[in-house]
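Reckoned from all heavy atoms, side chains included, excluding hydrogens, waters and symmetry mates. The chain is numbered in sequence order, starting from 1. Numbering of ligands and ligand atoms starts at 1, following listing order.
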Amino acid sequence: MPTIHINFEQSDLQPTSINAEEGYTILEAVLLNDIHLNHNCGGVCACTTCHIYVEQGDDLIEEISEKEEDYIDRAINPRLESRLACQCLLLEDEGEISIVIPDQSGIIGHEH
Ligand code: FES
């Protein structure tokens, strides 16, 4: 199982690590572990609310598509390591991935 290490920009949230399974997306993995990450479009690459930073292990997830890049350009504070969590399909059954979840408090969320 790949391990996903999660840091948060929000200072009141503690870093944590979760185990995930190949074939799931990072969005699905964090939601299954009751970690809050907005996903207003329902995970179909049609918003920017699931924006994360992948700081390690990007070789373990599906490559970025042009459509995803277009949406990332509209995200808050995009960086080279920006991804949309709903598009980060886990390709390997082992390894370490480190992500940062941006501050969710400014995003008007829609729980699914
Ligand atoms: S949930 Fe909308 S792009 Fe990921």
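Side-chain contact of His51 with Ser82: a donor-acceptor pair under 3.5 Å is present, judged by distance alone.
Interatomic distance, SG of Cys45 versus CD of Gln87, reported as 4.0 Å (0.5 Å rounding).
Shown here is Phe8, whose CZ atom has more than 12 heavy atoms of other residues, nucleotides or ligands within 6.0 Å. Counted within 6.0 Å of CG on Asn77, heavy atoms from surrounding residues, nucleotides or ligands total 12 or fewer; the atom is thus considered open.
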Could you walk me through whether His36 and Ile101 pass the side chain to side chain contact (heavy atoms under 4.5 Å, CB included) test, one step at a time?
CA-CA 9 Å; His36 179 68; Ile101 294 183; over 6 Å; no
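Residue-level proximity to ligand 1 for Cys45 is carried by the backbone, the only part with a heavy atom below 4.0 angstrom. With a heavy-atom cut-off of 4.0 Å, Ala46 touches ligand 1 through its backbone alone.
Of all the atoms in ligand 1, the ones that sit under 4.0 Å from a non-hydrogen atom of Gly43 are 1 (S). Those atoms of ligand 1 with a heavy atom of His39 less than 4.0 angstrom away are 1 (S). The Cys41 neighbourhood of ligand 1 comprises atoms 1 (S), 2 (Fe), 3 (S), with distances under 4.0 Å to a heavy atom of that residue.
Within the coordination shell of atom 4 (Fe) of ligand 1, defined by N, O or S atoms under 2.8 Å, Cys50 is present. At least one N/O/S atom of Cys86, whether from backbone or side chain, sits less than 2.8 Å from atom 4 (Fe) of ligand 1.
Counting protein heavy atoms only, atom 3 (S) of ligand 1 is closest to Cys47 O, 3.2 Å.
Geometrically, Arg83 does not engage Tyr53 in a cation-pi contact, judged by NZ or CZ lying under 6.0 Å from the ring centre and within 45° of the ring axis.
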